[in-house]
Amino acid sequence: MDARGVLPALAFGPFVLDRSHKQLLEAGRPLHLGGRAFDLLAALTERPGEVLSRQALEARVWPHTIVEETSLRVHISALRKILGDGVAGARYIANVPGRGYSFVVPVTVLAPAPEAAVPALAAAAAVTPANPPRRAHNLPARLNHTIGRSAVTLALGERLLTRRLVSIVGPGGMGKTTVALDVAEAQLGHHPDGVWFVDLAPLSDPARVPLALASALRISVCAEDPWASLAEPLGNSRMLIVLDNCEHVIDAAARLVERVLREAPGVHILATSREALEAEGEWVHRLSALEAPVPEDATDVAQCRLFPAVQLFAERAAANSDGFALTEANLGVVCHLCRQLDGMPLAIELAAGRIDTLGLQGLAARLDEMFALLTRGRRTALPRHVTLQALLDWSHALLTEVERVVLRRLSVFRSSFTLESAAAVLASEDLPATAVVEGVIGLAAKSLVAVDVSGDAVLHRLLYTTRTYAADKLQRSGEAHRIAAAHARHFEDLLTRTLRDRDMLPIAEWLQRHGRMMDDVRAGLDWAFSPQGDTLQGVRLTAAALDLVYELGLLDEYRSRVDTAVEAVASLQPPQAGLELRLRAARNFLHTQTTGRDYSRGANFARTLELADQLDSVPQRIEAMFSLCANAFGTGDYRDVAEVAMRIKHHAPDPDEPVAVLLSDRFLALSYHYLGRHDEARPLADRVLHYPAGNAYREYIGHIPKTVSMRILMARTLWLQGACDQAVAVAALAQADAEGVNPLALSQALAMGALPIALWRGENERAGGLLDRLQAHATRHSQGYWQSWARSYRQVLDARVNGAAPGLGLGLALSPVEMLSGPAELDMLGTLAVGAVSPLGVERVDGGMVGWCGPEVLRADAEKALRDGTQAVAAAEATFMRSLAMARTQNALSWELRTATSLARLWRDQGRREEAHRLLSGTYGRFDEGLATADLVAARALVDELN
């Protein structure tokens, strides 16, 4: 305090604390701050960096008063909100557990105004007129800054300069008033007669709308004819009027607006409402939700802080819980909460306000209890904004009876829907389809239904909060069972119809149109297999959704759905042979693509063949054979693949039937390749690639396109036969064909083609990039089968990059055999590192169950035995000779080179250098490409040494 008794102001960040006038300024603008909060902030800023105990702060702020323990925490939270504590990393007040609070930013003491200024101030006060001019605005003080709306605010401000009526429209809780106030504050310099805020929310009588305007403008009017008194002052004014919360008095507000605009040419109006005023000259802006990261982007804290929904949650959570901070550990949960709450600012604020009592995980776990959970808002908020329940009750009360019925029935939809779907599911004897359509349109106008016009079809959607509210209404109405049944039937029919255009559209476009249905499929199945549901309907819906599931790559998720349906279909009366066959075929395919489980044997195998023989449906017979082939292939039984592939033509009415030929040739090519019969596999694969199948092919084999599977086979065969560079090019083609087709296709192209070829060539850096792609893709699409492959590849690559000798020590690092996805992964590992060879892998080769990897598995097993000292040199040499003979029989030149290199080293060490040179140089000389690959570089070095 100076000689005049004036306390100097304190500056920190963008703020100035004027202690003499008890004001907090931000960039020169006064902020609303209560007396207690001001005293608390003064106490903290006067001693920056020190920890002030709760007792010391309470003594300063509440002297001679006993206060509740929570009072200090409540005021600290309020201060943090005002200061923006926690936003974009800003931190002002820190909690020191068990000790108190500390102001943690530097504070500067500003010099007080000079004494000479005091008389001038007094003189200025003396000449101030007794009746000062009217204030320039009546905008309410803002306690919090706005997050994520700067672009909207700027755009609306610019629009108001050219349009006289702008309406901000959106559902309750979306922040319309907040945006309107931001726009209004930015407009203060553009309207000489001020900016005036008119809150219509308290009104219950529409006739009082003009009176509310007069009250805000401080104009006395006659209640019987308010316009008589308003006309003159408005007619000559240049001002902005903000009409807030027009929805419940919409007609009266529209009439007032039109009259003002007609008779007061200098007045502009900014309105907020849940539906448009539909007044003459209105320009409508529909306020969208705050953007939140999609799941695949929710990994980087800095990036996610750029999303306004996350910013808002983090700031409000930090203000309500001293220990909260956004970290990599909780980022995923925060982003999930923001998405579940549809980016609705009010819902996010209410959720963040409960973090102090529930914790973040508890909040996420109990989100389904939304309306019981999110019940604590700001005490200063409007009553309908204190809880979500009150907010939606307010909206619900404004609906017509038909709109209320439509709203509660719409809650059965879990994703976007068309008007046609709404009419099909919701219509009843008491509610015709035309009324449903009119109801949906009315709800959209009132912002209770979101509308998406970005695609070919107009889609509608309930926000999560609205749907949760409406679902409770549906349960209470007694209509839930009937609507759920209609919903499940409709999506079964819709899925059947969507298959008709699958071959008429690019698959990406088809998925964009129809992929949204999966949320409704899940809801329909949950209901159908519940005690109150319909088992037959569940079985039918499970089968109808299979093709969509395959294209979306949701194999792991849907496996248990199919198992449930298979168990249920057997008990249905009358029997459903067609449905049972389709579901058993799906079970075969799904289990081998997700768990490696073998369903091609025993009762399931026999029942599948029995049903195929019973039915006259050629497509279903062929589909059943396909599933058995896929199952046998997934479990590594390549001899069975060939056997079943030959039977496919037997089930076709014509041996030359295109689908039968294609499936038979495709699986014969695969079985021959994996059995090591590469010269027989290549022409079959080439025939499948170039067969003019037309659209019929996809109907039965839509899981992996033929171009992907056959090019994987061709790429592997090229590498095995010594065309090392061509193999890379063809594998890249397979990967390109798989991009954007379905998630399963890309995983297969990477894991069975491009990635192993890169590893075989010794290109560890390129393999690392491909592996990163596989891991991210398989994780994103929850593909447990391919995640297992990625883990094994990662262990192999890590061992190489970390400098371990090839194969040494790798056996201990790799997962146990029983943890792998199946024999196919086991076979592959045997070709990547000596230490990865297992006894089971050798047994499979010796038993003739697999051939493609046979030469390399035998070679690696002999190398391992030599290094471990568990096998005599003579026995190892005999195994090398077996490997060499097998490679030559298969025309597998790359395996032959590896074995020749191992045998040449053995003979060199035995002094048989000439013999070793002749063997290895002869093999090396048959290569005419790929000379920079690791195997060929090593062989060349050994040839030079032996020479």
Side-chain angles (χ1 to χ4, degrees), residues 13-15 26-27 31 76-94 104-105 142-156 170-171 173-183 185-186 287-356 359-360 363-364 367 374 377-378 381 385 463-465:
F15 302 99
E26 182 182 18
L31 300 178
I76 289 287
S77 295
L79 272 181
R80 282 177 168 160
K81 289 181 181 179
I82 292 168
L83 298 174
D85 198 331
V87 178
R91 196 65 168 164
Y92 294 96
I93 303 172
V104 293
V105 298
R142 310 291 298 283
L143 297 182
N144 291 314
H145 65 106
T146 307
I147 292 175
R149 299 298 196 190
S150 57
V152 172
T153 299
L154 180 62
L156 289 174
M174 200 57 76
K176 299 184 295 294
T177 300
T178 299
V179 171
L181 289 173
D182 277 351
V183 174
E185 288 180 358
L287 189 62
S288 61
L290 297 179
E291 190 179 0
V294 295
E296 52 266 31
D297 291 338
T299 55
D300 182 81
V301 174
Q303 288 295 321
C304 286
R305 280 190 182 277
L306 301 178
F307 288 87
V310 175
Q311 286 182 38
L312 179 62
F313 185 94
E315 177 182 328
R316 300 299 188 261
N320 284 282
S321 175
D322 292 331
F324 178 83
L326 193 63
T327 65
E328 289 186 3
N330 62 25
L331 184 62
V333 179
V334 170
C335 293
H336 170 73
L337 280 167
C338 292
R339 288 192 302 272
Q340 282 292 91
L341 295 171
D342 291 300
M344 179 185 286
L346 176 63
I348 291 173
E349 289 203 30
L350 291 174
R354 299 307 306 271
I355 196 171
D356 57 335
L360 187 59
L363 184 63
L367 195 58
L374 305 186
R378 297 190 302 274
H385 280 181
L463 297 182
Y464 178 74
T465 49

Has the side chain of [X] got a donor or acceptor atom that lies under 3.5 Å from a matching backbone atom of [Y]?
X	Y	answer
N330	A325	yes
E291	F307	no
D300	A302	yes

On a heavy-atom basis, which atom in [X] and which in [Y] lie closest, and how many Å separate them?
X	Y	result
G13	Y92	CA-OH, 4.4 Å
P171	K176	O-NZ, 3.0 Å
A94	V104	CB-CG1, 3.6 Å
A309	A292	CB-CB, 3.9 Å
L156	V179	CD1-CG1, 3.8 Å

From [X] atom [atom1] to [Y] atom [atom2], the distance as rounded to the nearest 0.5 Å:
X	Y	atom1	atom2	answer
E315	L83	CD	CG	10.0 Å
C304	L326	SG	CG	7.5 Å
L154	R149	CG	CZ	14.5 Å
L290	L312	CG	CG	6.0 Å
L337	I348	CG	CD1	9.0 Å
M344	M174	CE	CE	4.5 Å

Query raised in the report: Tell me, do F313 and I147 make a side-chain contact under 4.5 Å, heavy atoms counted?
Result: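 No, their side chains stay 4.5 Å or more apart.
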Report task. Using a 4.5 Å cut-off on heavy atoms from C-beta on, say whether the side chain of C335 contacts that of V310. Result ->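 Yes, side chains in contact.
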Query raised in the report: Going through the distances and angles, do T153 and T146 end up as a side-chain contact (heavy atoms from CB on, under 4.5 Å)?
Result: CA-CA 10 Å; T153 299; T146 307; 5.8 Å; no
